[in-house]
Each structure stands twice: as structure tokens, then as C-alpha cells.
Amino acid sequence: METRSYDIELLHDVDKEFESEFYHYSKTLSYEKGASPFSVDDLLKHFYIVIDGRVKTYQMNLDNAKEQTIFIYKRGDMFDVISLLDEKPHEVVYEVLEDCRVLQLPIEKVRYWIENNSTFNKLFFPYLAAKMRHVETLASELSLYDVKERLMHLLLENINPHSTFKYKLLQNLSNSEISKLLGTVRHVVERAIKQLKQEKIIQTGRKNIKVINLQKLLEKTDKMLPK
């Protein structure tokens with residue numbers, strides 16, 4: 001299947017010369033839900049950009065089977081930026097949450113663009129900075145807030161189109177996956193969800209949480225609606 005420029009907004013404003021070079025080196029791959037196709041060795045050779053679907057990356061404690069989701073990649077997201085930059089293995093696990101298509105690029109070519117192509121730099125470094133902020137926020141949330149507070153913050157970001165990585169993130173996510181995003185276990189998340197339902201702040205359907213009283217949600221958090 002031929003990849004066209006409209007497949008990813010990332011390239012909407014680039015010059016035609018770079019766009020042509022980008023697609024010359026890219027390859028479109030498809031993966032089914034549940035697959036774990038991105039190995040540590042593979043990510044030392046290739047760089048990926050999501051076209052559609054979702055992929056999560058997480059770490060697991062093998063002693064207690066607890067998982068922490070670090071990031072959920074969706075349309076336009078790139079990985080693995082850590083191996084790209086330091087050329088070392090990145091010990092995380094990837095899992096396809098929804099059937100997805102990705103662009104695969106030779107990682108050495110992407111490194112060349114970082115060093116020599118100002119067009120790619122203007123795309124890549126703002127994205128990298130945003131991801132660094134995301135990880136900083138994750139660390140702060142886990143350290144400073146309880147599960148219910150973290151859930152409320154996530155609900156706010158989920159409905160804000162300016163929240164780059166978390167807008168509509170909860171769509172079709174199970175309570176189990178939400179718990180892994182929040183660094184806890186499912187029954188604790190379900191208890192927090194039940195409390196917010198009793199307070200008439202949210203309502204739930206199958207793999208869907210809808211905020212029905214935004215003002216009350218804002219009043220119960222110490223954060224403003226993200227911008």
C-alpha cells in the first residue's frame with residue numbers, strides 16, 4: 001500500500017524534496033491487536049511513526065507482575081526516540097492495543113536527518129521536548145497524587161484537544177489498561193471510578209468514561225484544564 005503525505009499530519013508543511021526523500025526510505029507495516037512486534041534489537045535498526053491504531057510501551061516487575069504504562073502511541077507519534085539518540089538498547093516492552101499501521105524508517109537515516117536536515121529538526125525536537133514533559137508529568141503524578149486524583153487529572157486531559165498525548169486517550173481503554181497508565185491495579189481504579197460516578201461527575205459505558213459535570217471535576221482537582 002502506497003503511503004501518501006496526508007497519512008500523517010507531521011509532513012503537511014514540509015518541502016516536497018524532503019517529503020519525497022522521507023517516503024523513499026519509509027515502509028508501511030501493519031500489525032494486529034495483541035502483537036508485540038518491536039523488539040529491543042529491532043529498535044536499534046528501525047524508527048517508527050504511527051499512522052493509525054495504538055501501541056503502548058510499558059515496563060513490568062516480573063516478581064509481582066505489576067505493569068506501568070509509560071506511553072500510548074497513536075497517530076503521528078514516533079518511537080523509539082531513546083535508542084535513536086543514544087544508540088543503546090531500551091529495555092521496554094511494546095504491545096499493539098489496536099490494529100495499527102506504522103511507517104518504518106532506517107534509524108541511521110533518521111539520525112542523518114537530525115544532524116543535517118533542518119526540516120526534520122523542526123519536526124523532531126519539539127516532539128522530543130513534549131515527550132520529555134510527558135515523562136516528567138508522569139513521575140510527578142505518581143509521586144504526588146493518589147489514584148483518584150491521578151484519574152481526575154487524566155479525565156481532564158482526555159477531553160482537552162490541546163493535550164497532545166492524552167486527548168481521547170481513554171477511548172476504548174479497559175479499566176485494566178487505565179490502571180496501568182495510573183500505576184496501580186484494576187480494583188483500585190474501579191473504586192475511584194465508582195466514587196466519581198456516585199458524585200455524579202462521570203458516567204460509564206463499555207470501555208468509555210464520559211465527564212458529565214466538568215465544573216465539579218475542576219473544583220475537585222488542583223489543576224486547571226490543560227492548554
How long is the gap from [atom1] on [X] to [atom2] on [Y], to the nearest 0.5 Å?
X: D52; Y: K74; atom1: CG; atom2: NZ; result: 13.0 Å
X: M60; Y: T69; atom1: CE; atom2: OG1; result: 9.5 Å
X: L44; Y: I107; atom1: CG; atom2: CD1; result: 7.0 Å
X: I72; Y: L169; atom1: CD1; atom2: CG; result: 4.5 Å
X: I178; Y: L155; atom1: CD1; atom2: CG; result: 8.0 Å
X: Q59; Y: H90; atom1: CD; atom2: NE2; result: 6.0 Å

Would you say the side-chain atoms of [X] pair up with the backbone N or O of [Y], donor to acceptor, closer than 3.5 Å?
X: E95; Y: V55; answer: no
X: E177; Y: S174; answer: no
X: T221; Y: L218; answer: yes
X: T28; Y: L103; answer: no
X: H134; Y: I70; answer: yes

Under the salt bridge (charged side-chain N to carboxylate O under 4.0 Å, His left out) rule, what do E199 and K148 come out as? Steps first, then yes or no, please.
CA-CA 12 Å; E199 294 166 13; K148 184 180 177 181; 2.8 Å; yes
OH (Y112) with more than 12 external heavy atoms under 6.0 Å
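For Y112, atom OH is not crowded (no more than 12 foreign heavy atoms under 6.0 Å).
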Are there over 12 heavy-atom neighbours, none belonging to K216, within less than 6.0 Å of that residue's NZ?
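Enclosed.
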Less than 4.0 Å between a side-chain N and a carboxylate O, is that true for E19 and K16?
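A salt bridge links K16 with E19.
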With a 4.0 Å cut-off on N to O distance, would you call E67 and K56 a salt bridge?
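A salt bridge is present here (some side-chain N lies under 4.0 Å from a carboxylate O).
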[X] versus [Y], closest heavy-atom pair with distance:
X: I51; Y: R75; result: O-NH1, 3.1 Å
X: G53; Y: C100; result: CA-CB, 3.8 Å
X: P89; Y: S83; result: C-OG, 4.2 Å
X: V185; Y: S179; result: C-CB, 3.5 Å

Quick one: does T119's side chain get under 4.5 Å of E17's, heavy atoms only?
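The answer is no, as the side chains (C-beta and beyond) never meet within the 4.5 Å cut-off.
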Can you list everything that forms a ring pair (Phe, Tyr, Trp, His ring centres under 6.0 Å) with [X]? Sequence neighbours excluded, please.
X: Y58; answer: none
X: F47; answer: none
X: F124; answer: F120

Hydrophobic cluster identity match, [X] and [Y], side-chain contacts under 4.5 Å:
X: L29; Y: L105; value: yes
X: I212; Y: L170; value: no
X: L182; Y: V188; value: yes
X: L151; Y: L138; value: no

Just do the side-chain contact (heavy atoms from CB on, under 4.5 Å) check on H46 and F38 with the steps written out, would you?
CA-CA 9 Å; H46 301 111; F38 309 104; over 6 Å; no
Go through the steps for I49 and M78 under the test side-chain contact (heavy atoms from CB on, under 4.5 Å), then give the verdict.
CA-CA 4 Å; I49 302 176; M78 313 179 203; 4.0 Å; yes
How far apart are the C-alpha atoms of D77 and Y127, what are their side-chain angles, what is the distance that settles it, and do they pass the side chain to side chain donor-acceptor pair (under 3.5 Å) test?
CA-CA 8 Å; D77 285 325; Y127 178 82; 3.1 Å; yes
How about F79 and Y94: are their ring centroids closer than 6.0 Å?
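For F79 and Y94, the ring centres are under 6.0 Å apart.
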Would you please classify the geometry between the Y25 ring and the W113 ring as parallel, tilted or perpendicular, with 30° and 60° separating the classes?
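Correct class here is perpendicular.
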Intermediate values then yes/no, side-chain contact (heavy atoms from CB on, under 4.5 Å), T57 and D80:
CA-CA 10 Å; T57 181; D80 183 317; over 6 Å; no
In chain order, what residues pass the salt bridge (charged side-chain N to carboxylate O under 4.0 Å, His left out) check against K109, with sequence neighbours excluded?
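Testing K109 for salt bridge (charged side-chain N to carboxylate O under 4.0 Å, His left out), a comparison that skips the adjacent residues, returns E21.
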In chain order, what residues pass the salt bridge (charged side-chain N to carboxylate O under 4.0 Å, His left out) check against R150, with sequence neighbours excluded?
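Counting only residues at least two positions away or on another chain, R150 forms no salt bridge (charged side-chain N to carboxylate O under 4.0 Å, His left out).
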How is the hydrophobic cluster of Y167 composed, in terms of its other members, when Ile, Leu, Val, Met, Phe, Trp and Tyr link through side-chain heavy atoms under 4.5 Å apart, directly or indirectly?
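Its cluster mates, by chain and number: none.
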side-chain contact (heavy atoms from CB on, under 4.5 Å) between V96 and E32, intermediate numbers included:
CA-CA 7 Å; V96 177; E32 294 183 351; over 6 Å; no
Could you give me the CA-CA distance, side-chain angles and deciding distance for E108 and R111, then say whether salt bridge (charged side-chain N to carboxylate O under 4.0 Å, His left out) is met?
CA-CA 5 Å; E108 290 302 327; R111 290 192 183 110; 2.7 Å; yes
